[in-house]
Amino acid sequence: MQIGLRIDVDTFRGTKYGVPALCRLLADHSVSASFFFSVGPDNMGRHLWRLIRPRFFLKMLRTKASSLYGWDILFRGTLWPGPVIGRKLGYIIRSVSDAGHEAGLHAWDHHGWQANIERMKGDAIFHSLDRGVALLTDILGRQPTCSAVPAWKCNDLVLLEKAKFPFGYNSDCRGEEIFYPLVRGKALPQPQIPVTLPTYDEVIGHNGISDANYNEYILSLMRPEKLNVLTVHAEVEGIICLAMFDRFLGMAQSTGAEFVPLKDLLTAEQRIRRSAVAAKEIPGREGWVSCQEVEE
Ligand SMILES: [Zn+2]
């Protein structure tokens, strides 16, 4: 069984501490993965305003957000402009690619994307993607070949703007199988590799799931005959949940599972169907996420 392993990097702290720790861990387990980097300003502290929203506040308590992200992250960007991650920590991003992992674009401004994407027009979306691609190209010495929007917040405009970049694939939504996105009845040429499994913050604290049984729970969701794509976060599995993620990799590998970068899930002989992408609510996550519309 193959498991596509996607690592999202949202913040300065995640890049500085989580990414090197995950690289060491992946090397110990002889695993290659796909990293998606946020390279522009770290304004994640602007999330703090959401504290006034009760559902988000409960989630913060449930997932111990302050220990997951650190108080510095919660305040970052609220009082002063956040640091441009790719300018300060480009050497770390480059080292991931040099170690043989796939490196793609997550965001220019992760928080800005999450907060504004519903109101952004095509040219603003293009500009945001273009700034991210330009800085990542500078860092890597070549263009990134894949991308994944922050927080699974994608829409038809985003899909159309992404098609202007030379991405081999994108991973912008939740779903069940690799597909070509349908926009206004037309299939776009860049395949989508959807995430099939929930993230840590979505399931922890619900239905009796705790750190004691989290790994077993995620493994129970794997389907050998189907697409399996797991997202972990540099801020979570790379820092506070690092030891647990170490055990997870060992447990999965002992059952014969092989972790691969997402690009390895695309094979020449597979038949890729077409699907639309729609905004939906999913358990454990605030607001909407983009989901593959799977035909019955
Ligand atoms: Zn993210």
Side-chain angles (χ1 to χ4, degrees), residues 4-19 21-22 33-48 50 56 59-60 63 65 68-70 73-74 76-77 82-86 89 92-93 96 101-118 120 125 128-129 131-133 135-136 144 146-155 158 162 167 170-174 192-204 229-241 245 262 279 282 284-291:
L5 181 56
R6 167 177 152 179
I7 296 163
D8 286 9
V9 189
D10 296 356
T11 64
F12 186 89
R13 187 169 185 257
T15 311
K16 186 166 183 181
Y17 303 108
V19 168
L22 282 170
S34 299
F35 285 73
F36 291 94
F37 291 102
S38 306
V39 291
D42 180 352
N43 291 320
M44 289 299 275
R46 292 191 204 274
H47 272 313
L48 201 65
R50 297 174 127 206
F56 188 74
K59 179 170 172 165
M60 296 273 287
T63 62
L68 284 181
Y69 287 100
I73 296 305
L74 294 178
R76 181 153 284 150
V84 173
I85 301 167
L89 302 175
I92 292 178
I93 295 170
V96 168
H101 301 290
E102 187 174 35
L105 177 70
H106 195 30
W108 168 254
D109 177 348
H110 196 289
H111 175 70
W113 184 281
Q114 276 177 274
N116 302 316
I117 190 60
E118 283 161 81
M120 280 163 75
I125 292 167
S128 177
L129 292 168
R131 289 184 88 176
V133 165
L135 182 47
L136 201 48
C146 51
S147 74
V149 290
W152 296 278
K153 292 211 179 286
C154 180
N155 56 34
V158 172
K162 282 204 172 188
F167 297 134
N170 302 299
S171 180
D172 297 319
C173 53
R174 301 302 181 92
Q192 283 283 334
I193 304 184
V195 171
T196 66
L197 295 156
T199 60
Y200 178 76
D201 62 311
E202 286 167 10
V203 299
I204 204 77
V229 179
L230 178 69
T231 300
V232 302
H233 283 86
E235 292 76 16
V236 181
E237 282 84 353
I239 301 179
I240 189 168
C241 296
F245 186 55
L262 270 51
I282 59 167
R285 190 161 283 277
E286 168 100 342
W288 61 273
V289 298
S290 320
C291 294

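Just so it is clear, the values below take in all heavy atoms, side chains as well, and ignore hydrogens, waters and symmetry mates. Atoms within a ligand are numbered from 1 in the order they appear, just like the ligands themselves.
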Polar contact flag, side-chain donor to acceptor under 3.5 angstrom, Gln114-His110: yes
Just checking, is any N or O donor in the side chain of Asp42 or Thr11 under 3.5 Å from an acceptor N or O on the other one? no
Between Lys153 (side chain only) and Trp288 (backbone N and O only), is there a donor and an acceptor less than 3.5 Å apart? yes
Could you please compute the angle at the Zn ion (ligand 1) from NE2 of His110 to NE2 of His106, rounded to 10°? 100°
N/O/S atom of His233 inside 2.8 Å of the Zn ion (ligand 1), strictly under: no
With a cut-off of 2.8 Å, does Asp8 put an N/O/S atom close enough to the Zn ion (ligand 1)? no
Measuring from Asp10:CG to Thr15:OG1, what's the distance to the nearest 0.5 Å? 8.5 Å
If you look at Asp10, which of its N/O/S atoms is nearest to the Zn ion (ligand 1)? OD1
